Amino acid sequence: MAAAALALGQTEKARAATPAPSSTRHKPMAMGLLIKPYPNVEERIAVVKQLGIPTCFLSLDSYIGKFTPDLAKQMQDALDKHQVVATTAEVVQPPPLKWNFTEGPSTIGVVPRAYRAARIDALKQTSDFAKLLGIDKIQTHCGFIPEDPHDPLYDETVLAIRQLAEYCAANGQSFLMETGQETPVTMLRVLKDVDRPSLGVGLDTANLILYGKANPVDAVKILGPHIRAMHAKDGKWPTNPMELGEEVVIGKGEVDFTKVLTELHAVGYKGAVTIERETSGPQQIEDVRQEKIYLERILAKLKS
């Protein structure tokens with residue numbers, strides 16, 4: 001189904017033209033920015049360049065079912081023009097998705113049976129599309145993975161994640177579970193039980209706090225060798241048991257970025273440090289400018 005929707009059918013010539021893996025085209029711990037390129041690819045990638053950021057993380061939900069070779073060429077042309085490297089591609093849809101504690105467990109990721117097949121298909125589409133761009137990491141929220149390994153949903157989720165890890169591996173990619181809805185120990189258990197070298201972790205520093213699951217510094221100690229991408233994002237612990245905590249500008253929340261980045265550097269993390277700011281418009285741009293300065297000061301000390 002994914003292949004039919006994508007209709008890529010690469011020829012040998014097209015395969016030869018596929019860019020080198022994204023992980024080889026940027027420096028370790030290079031700055032990055034999460035962007036949603038729809039509907040104006042050129043405009044969004046130009047913003048990354050204008051901010052002086054060398055890499056981007058592509059959030060592609062708006063393109064599910066509409067991935068084409070022409071779109072890949074459009075994106076690659078814009079990336080080349082602005083000399084920006086796309087490091088990772090992510091989708092979390094199709095809907096419904098309820099980002100809270102009451103409806104989230106039944107709607108997010110590949111855990112819920114009702115939406116699992118459609119999410120797997122969307123991720124396979126994304127993997128095939130990202131391969132055309134040389135993107136070697138595919139990421140998603142897998143959902144509220146049960147803490148109890150004897151819960152039937154746990155084994156079903158492990159099988160779904162293994163299927164995705166194997167599919168991405170066949171495309172020369174890693175499949176990354178984004179932190180947030182599960183404890184780091186549960187994620188570590190999934191890594192062990194899936195048992196595929198292509199499976200890794202996308203660390204979201206704020207999500208661990210927003211969902212009340214862990215301190216991100218401790219999460220790096222647990223998951224460090226498996227972390228292949230990260231979202232630099234800040235937040236505050238939840239105080240309403242129905243709603244997630246509040247995402248805030250980096251430096252205003254509970255994440256200790258000096259310790260997180262120091263721990264990542266110590267375990268040999270080579271991926272980008274990708275800013276994610278969940279606002280929009282001029283305020284988002286201004287926030288990102290300030291967050292970039294904040295993070296670069298920490299990174300300069302680590303690399304000195």
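FYI, side chains are in, hydrogens and waters are out, and symmetry mates aren't considered; it's all heavy atoms of this structure. Here the structure is a predicted model, which means the values were calculated and not measured.
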I'd like to know if the side chain of [X] reaches the main chain of [Y], judged simply by a donor and an acceptor atom lying under 3.5 Å from each other, with no hydrogens or angles considered.
X: S127; Y: L123; result: no
X: D234; Y: G253; result: yes
X: D136; Y: P21; result: no
X: S22; Y: T87; result: yes
X: T88; Y: I138; result: no
X: R116; Y: A160; result: no
X: Q125; Y: G65; result: yes
X: Q284; Y: R277; result: yes

_Sequence-distant partners of R289, side-chain contact (heavy atoms from CB on, under 4.5 Å), two or more places apart_ =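 Only L51, I285, E286 meet the side-chain contact (heavy atoms from CB on, under 4.5 Å) criterion with R289.
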
Exercise for the section: Apply side-chain contact (heavy atoms from CB on, under 4.5 Å) to K98 and list each qualifying residue two or more places apart in sequence or on a separate chain. Expected result: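 Partners of K98 under the side-chain contact (heavy atoms from CB on, under 4.5 Å) test: N100, E103, T107.
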
Contacts of [X] that satisfy salt bridge (Lys or Arg N to Asp or Glu O under 4.0 Å) - sequence neighbours left out:
X: R119; result: none
X: R196; result: E166
X: D61; result: none
X: E278; result: K233

### Message
Assess, by modelled atom type and distance only, whether the side chains of D70 and Q74 contain a donor and an acceptor separated by less than 3.5 Å.
### Response
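No, Q74 and D70 have no side-chain donor paired with an acceptor closer than 3.5 Å.
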
Look at the side-chain heavy atoms of Ile, Leu, Val, Met, Phe, Trp and Tyr, link any pair under 4.5 Å apart, and say whether [X] and [Y] land in one connected group.
X: F144; Y: Y115; answer: no
X: V255; Y: V249; answer: no
X: L244; Y: L203; answer: no
X: L164; Y: V194; answer: yes
X: I120; Y: I108; answer: no

Check: Which atom names give the shortest non-hydrogen contact between V267 and G224, and what distance separates them?
Finding: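 Heavy atoms only, the tightest pair is CG2-O, 3.9 Å.
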
So how far is it from [X] [atom1] to [Y] [atom2], rounded to the nearest 0.5 Å?
X: I35; Y: C56; atom1: CD1; atom2: SG; result: 4.0 Å
X: S23; Y: I135; atom1: OG; atom2: CD1; result: 11.5 Å
X: L264; Y: L302; atom1: CG; atom2: CG; result: 9.5 Å
X: E254; Y: T205; atom1: CD; atom2: OG1; result: 12.0 Å

Cluster companions of L34 among Ile, Leu, Val, Met, Phe, Trp, Tyr (side-chain spacing under 4.5 Å)
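L34 clusters with F57.
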
Salt bridge check, [Y] against [X]: does any charged N sit closer than 4.0 Å to a carboxylate O?
X: E90; Y: K137; value: no
X: K259; Y: E263; value: no
X: K73; Y: D77; value: yes

Should [X] and [Y] count as side-chain neighbours, where that means a heavy-atom distance under 4.5 Å?
X: S59; Y: K36; result: yes
X: L60; Y: M75; result: yes
X: P105; Y: V111; result: no
X: Q173; Y: S198; result: no
X: F129; Y: L71; result: yes
X: L295; Y: I275; result: yes
X: V91; Y: Q93; result: no
X: L79; Y: V85; result: no

Looking at residues at least two apart in the chain, or sitting in another chain, which of them share a ring pair (Phe, Tyr, Trp, His ring centres under 6.0 Å) with Y38?
->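 Here the qualifying residues are Y63.
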
Scan residues 253-304 for pairs that pass ring pair (Phe, Tyr, Trp, His ring centres under 6.0 Å), counting only residues two or more places apart or in two chains.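 Counting only pairs at least two positions apart or across chains, no ring pair (Phe, Tyr, Trp, His ring centres under 6.0 Å) contact touches residues 253-304.
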
Exercise. Side chain to side chain donor-acceptor pair (under 3.5 Å) with T157: which residues, sequence neighbours excluded?
Worked result: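 Testing T157 for side chain to side chain donor-acceptor pair (under 3.5 Å), a comparison that skips the adjacent residues, returns none.
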
Restricting to side chain to side chain donor-acceptor pair (under 3.5 Å), what partner residues turn up for K236, sequence neighbours left out?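 Once residues adjacent in sequence are excluded, K236 has no partner under the side chain to side chain donor-acceptor pair (under 3.5 Å) criterion.
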
Note to self: Could you go through V92 and L97, starting from their C-alpha distance and side-chain angles, then the distance that decides it, and tell me whether this counts as side-chain contact (heavy atoms from CB on, under 4.5 Å)?
What the structure shows: CA-CA 8 Å; V92 296; L97 292 142; 4.1 Å; yes

Mind listing the side-chain donor-acceptor pairs of residues 175-190 below 3.5 Å, one per line with the distance, residues two or more places apart or on another chain?
unit_1	atom_1	unit_2	atom_2	d
E178	OE1	Q139	NE2	3.0
E178	OE2	H141	NE2	3.2
E178	OE2	N207	ND2	3.1
T179	OG1	D204	N	2.8
T179	OG1	D204	O	3.3
Q181	OE1	H141	ND1	3.1
Q181	NE2	H141	ND1	3.3
Q181	NE2	Y211	OH	2.9
E182	OE2	G180	N	3.1
T183	OG1	E147	OE2	3.2
T183	OG1	T186	N	3.2
T183	OG1	T186	OG1	2.9
T186	OG1	E147	OE1	3.3
T186	OG1	E147	OE2	3.4
R189	NH1	E147	O	3.2

